Enquirer: 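Got a structure here, written out as structure tokens. Questions coming.
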Amino acid sequence: MAILVIAEHDNASIKSGTLNTVTAAKKIGGDIHVLVAGANAAAAAAAAAKIDGVSKVLLADGANLAHPLAENVAPVVVEVSKAGGYSHVLAPATTTGKNVLPRVAALLDVAQISDIIAVEAADTFVRPIYAGNVLATVKSADAVKVITVRTTAFEAAGEGGNAAVENTAAGAEAGLSRFVGAELTKSDRPELTAAKVIVSGGRALGSAEQFSAVIEPLADKLGAAVGASRAAVDAGYAPNDYQVGQTGKVVAPQLYLAVGISGAIQHLAGMKDSKIIVAVNKDEEAPIFQVADYGIVGDLFSVVPELMSELSK
Amino acid sequence: MKVLVAVKRVVDYNVKVRVKADGSDVDIANVKMSMNPFDEIAVEEAVRLKEAGKAGEIVVVSMGPKQCEETLRTALAMGADRAVHVETDAVLEPLAVAKLLKAVAEEEQAQLIVLGKQAIDDDCNQTGQMLAALMNIGQGTFASKVDLADGSVNVTREIDGGLETVSLKLPAVVTTDLRLNEPRYVKLPNIMAAKKKPLAKKAPADFGVDITPRLTTLKVAEPAKRSAGIKVASAAELVAKLKNEAKVL
Amino acid sequence: MSYQVPLKEIRFVMNELADLPAVCTLPGYEDCNVELVDAITEEAAKFAEGVLAPINWAGDKGNKWENYTVTTAEGFKEAYQQFQESGWVGLRAPAEFGGQGLPALVAMATEEMWCASNLSFSLAPLLTLGAIEALNHHASEELKAVYLPKMCEGVWTGTMNLTEPQAGSDLAQIRSKAVPHPSGDGSYLVTGQKIFITWGEHDMAENIIHLVLARLPDAPAGVKGISLFVVPKYLVNADGSLGARNDARCVSIEHKLGIHGSPTAVMSFGDEGGAVGYLVGEANKGLGYMFTMMNHARLGVGVEGMAISDRAYQKAVEYARDRVQSRELGSSDPNGVAIIRHPDVRRMLMTMRSQIEAQRALSYYTATALDRAATHPNPEEKARNQALVNFLIPIVKGWNTEQANEITSLGVQVHGGMGFIEETGAAQYYRDARITAIYEGTTGIQALDLIGRKTFSENGATARAVLAEVQAVADKLADLGEAFAQTRRNLEAGIQAAGECVEFILAKFGNEPRLPAAGAVPFLKLMGILLGGWQMGRAALIAQAKLAEDGADAEFLSAKLVTARFYGEHLLPQIAGLAPAILQGAESVMALDEALF
């Protein structure tokens, strides 16, 4: 049994999602081969060869693969997969993987199993449905299992591999699509309701100046949006559109850091669906700690700088 | 230019689904059903293209049980011109839906096929890509902007880390992301008018497509509840926990 | 989670208790069917939840009056434009003027959603519909052609100008005047001051059509000398475009206890010589014309009360699920539990819920009777339903709104101290609900109407007929066995008590009207509780029968049975406390010398 992992890369290096996907492949068990489909991507292939557990790297190098256009990449994956007789084809469930892999599955006339978070057996996987409110365990009857992997559910594979790199055909330009351009993330902070990380400040900041001086650098460090409690907004420390809560914005980021927020019910109503909640507060009885996954009891003016320096490490 | 829009009837996004006591499936008997929100965006986009004079007829298609008619009527009230209902009580996986859609798209000679990037029930995010593969045409997935020109379409896609624009030859498949548009509220006179728009009935057998499922759901379960919070002693400990335990950094 | 339209419940009530399928067979409603109504309620629900509910809180901040103009609260103007463009204003407006001509029953479902999501906002289209109804029934074809299409489309809104500082419940005191226009063009010049004019001035529509009660120069005194005039904010040119600004100005807006989003105008007509107005129908018949639409308007306010109660209930449930306080009674687990686990909180929530369901059922049932009274092909059925409507409306209006005060108060109570804090939001519903028992005829006025015109004047015929129907349901409740035995006994005791009260009213109202009048409001409440029990009994019987069907929604139907039983066991017994007060307590009401107050 051999597993083909489709690498995500920028032609020069391997993106981290590939490492988590290799770990998922290890859980399935079998030889793990990595396909690097790109243009002038030898460096990426070399990096893939170093991933622990990878026994072979296939490099499909061609101008038609300069951008991971599904129309051009999918036929290459199909060819490689058929030629190698792979039992599994895996890609990280990133926007690239999600774009390409269903196309591969359809061409192979098999189902795709999307976004797996656990491997139960070589043909049985766990995947979230209904926005993660339910976990389904599904078993595939197809000869080839085409799978995208939720990268956060698997550890990243380490280095230490020394796989051979083999060239494989890059296929032809499909002539169906063309890359026009890309606009990659600006340094501006993300929008509050769409942010993955939010740093919110409360009345304990004491002034608008301290709010900016303490909360904003932390938010920038984390690529986070900035929020505020109603108390902080009412006190004029932060503008209205920062307010998180029942009467402000309702948010559910991956990580919510509540700094100097006691946790009035109205505030909790606006952020209680966040995946991970961290609270920093002087008052260890503050209600925010009842919903926080991690709490630090302490003065925010000393805790936040410590946090900044830890994050810089 | 004809636009085909595919819509799915799903459990309403406000409903918190529950798992059946025997863990065999989710219990969706008698819960509120609605049009998949991403598909609503797809209908809206098609209607906007039509209103801008860039698209001609809009055909909307849905697959599934009798009640999909309601979903199709909603799409008609939003502005689609006619509907095709491929009626079946069978479980349809994305691959089967893609095969059926291919048959409908070819029959209709649609130049642009628009559908949601994923359904909010199974969260598969596959059908559009599979359809494009089966039809051997281009795909613009996770669209946040659709620019239709003569013979081609430029699609701005939401990708990890930003936006990417691709140009696709027509016919092409576009799957919609949240920020493409904000679907309109349906107007009362249009609800009344939608009752009179044509709705054709088909069955999977009419297209000679094998819709046998490839996957079996062995069980469903609710994820483990959030574990009780803990206090950490230092910023260092916190960062370590966030990185290694919570994996959010 | 914000307001969620209880679509399942609304559909159950419409289809099962208010017989929507039968309404759809009435003349004029043939295009209507259950599937269409499902689609309408579905989309209306999206609009209410997505557009109107989110600005309800902003509405509470109120409107701004400056220089005779009113700027509405943030988001209202945009929401109204969307509402108007979506065609919702014309849902039950006449089809010949661009409305959809749908049944009152269907309209009630959507109106419940508008009222619950944003009571202040809902009053603008509701008043417009009242004006449309009055014009459609009584205005000349010329006036209709000028005003109705734009009003049915919602591009122009309508108002009712009745009240004056000295003329509230007693409209005989109206002093506003109208004189023939000196030009002799057939129009009139209206002068006078009107107060409490809901949506009398605002920035949401391009024109506002005021219906104004005023006296002509030669008019007899009292109610027989009042005429109805159309007074537009902007005069309308022959080609339908807007012309000169009329001499009708909003001189201030009231500062109120609630419904802050709805501007309540003080209107001054004719400060600069006279506002141009057009006589509606015949001279001196204005008050009668107003009564035409009063039934619908009063039923509408009853729905407002029920709807705002539901909003308060939903909010209370949400809080009770979230709020963790105190360990569970009788449990050894020291940890606190969500307060919904505590029996008294549960009692409050059930008290709210069961009354709202009973009120919804009775209101929708009345809407169906209204549809039948309007269009039933059989004259006897038509007349029977008209009498039923006349009898039920003061009950629906008075009972729903009196209870709205209690239910929204319970909503605050469930929140504990947080309920008293404005930001929580529960207090807004409590304040907003307060007006519903006052405007469109106070509860006292409704109760007097109920015992006088609706009971005594027709010699108790409809009252007895209704009680016979309640008895029929009580008999059938035997089928539900032991679980409903107490409910059945309570219902029968209620029928007995109500019958005695009816006989008391019939015996006394002619000669000693002050005696039944002293207990009129308790009688109205008694009838509300009893008829609510009647509808909950019907609901229970239907729910039990449907439970046996294939694919039945067991969760919903079982909940209906529980709620009906709670109503039977907790609300119906209140009748036993009201009847003696009505029958034996009248004297003490009036006994204290006026000087000693």
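This is a predicted model, so every value here is computed, not measured. Chain identifiers are assigned alphabetically (A, B, ...) following the order of the sequence lines, protein sequences preceding nucleic acid strands; residue numbering begins at 1 within each chain. We use all heavy atoms of the structure for the numbers below, so side chains are in, but hydrogens, waters and symmetry mates are not.
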Enquirer: Quick one: do Thr141(B) and Lys98(A) satisfy side chain to side chain contact (heavy atoms under 4.5 Å, CB included)? Show the steps, please.
Expert: CA-CA 9 Å; Thr141(B) 51; Lys98(A) 288 174 179 174; over 6 Å; no
Enquirer: May I ask you to check whether Tyr294(A) and Glu237(B) show a side-chain donor-acceptor distance below 3.5 Å?
Expert: no
Enquirer: To the nearest 0.5 Å, tell me how far Lys241(B) NZ sits from Ile276(A) CD1.
Expert: 11.5 Å
Enquirer: Check each atom of Leu249(B) against the heavy atoms of chain A and say whether the ones under 4.5 Å are side chain, backbone, both or neither.
Expert: side chain
Enquirer: Which atoms of Leu215(B) are under 4.5 Å from chain A, going by heavy atoms: the side chain, the backbone, both sets, or neither?
Expert: both
Enquirer: In terms of heavy-atom pairs under 4.5 Å, which option from Glu93(B), Arg18(B), Glu245(B) contacts chain A the most?
Expert: Glu245(B)
Enquirer: Given that the side chain runs from C-beta out, which part of Ile137(B) has a heavy atom under 4.5 Å from chain A: side chain, backbone, both or neither?
Expert: backbone
Enquirer: Donor-acceptor check, side chain of Arg214(B) to backbone of Asp109(A), threshold 3.5 angstrom: yes or no?
Expert: yes
Enquirer: Among Lys117(B), Gln139(B), Glu164(B), Gln129(B), which residue satisfies the side chain to side chain donor-acceptor pair (under 3.5 Å) criterion with Asn99(A)?
Expert: Gln139(B)
Enquirer: Hey, are Glu158(B) and Thr95(A) close enough side-chain-wise for a donor-acceptor pair under 3.5 Å?
Expert: no
Enquirer: Check Glu155(A) with Lys247(B), please: is the shortest side-chain N to carboxylate O separation under 4.0 Å?
Expert: yes
Enquirer: What residue among Leu307(A), Leu222(A), Leu255(A) forms side-chain contact (heavy atoms from CB on, under 4.5 Å) with Leu242(B)?
Expert: Leu255(A)
Enquirer: At a heavy-atom distance under 4.5 Å, which candidate from Gln254(A), Glu306(A), Arg127(A) has the highest pair count against chain B?
Expert: Arg127(A)
Enquirer: Side chain, backbone, both or neither: which part of Ala98(B) has a heavy atom under 4.5 Å from chain A?
Expert: neither
Enquirer: With Leu238(B), which of Leu311(A), Val278(A), Val303(A) fulfils side-chain contact (heavy atoms from CB on, under 4.5 Å)?
Expert: Val278(A)
Enquirer: Side chain, backbone, both or neither: which part of Val10(B) has a non-hydrogen atom closer than 4.5 Å to chain A?
Expert: neither
Enquirer: With a 4.5 Å cut-off on side-chain heavy atoms, are Asn133(A) and Glu222(B) touching?
Expert: no
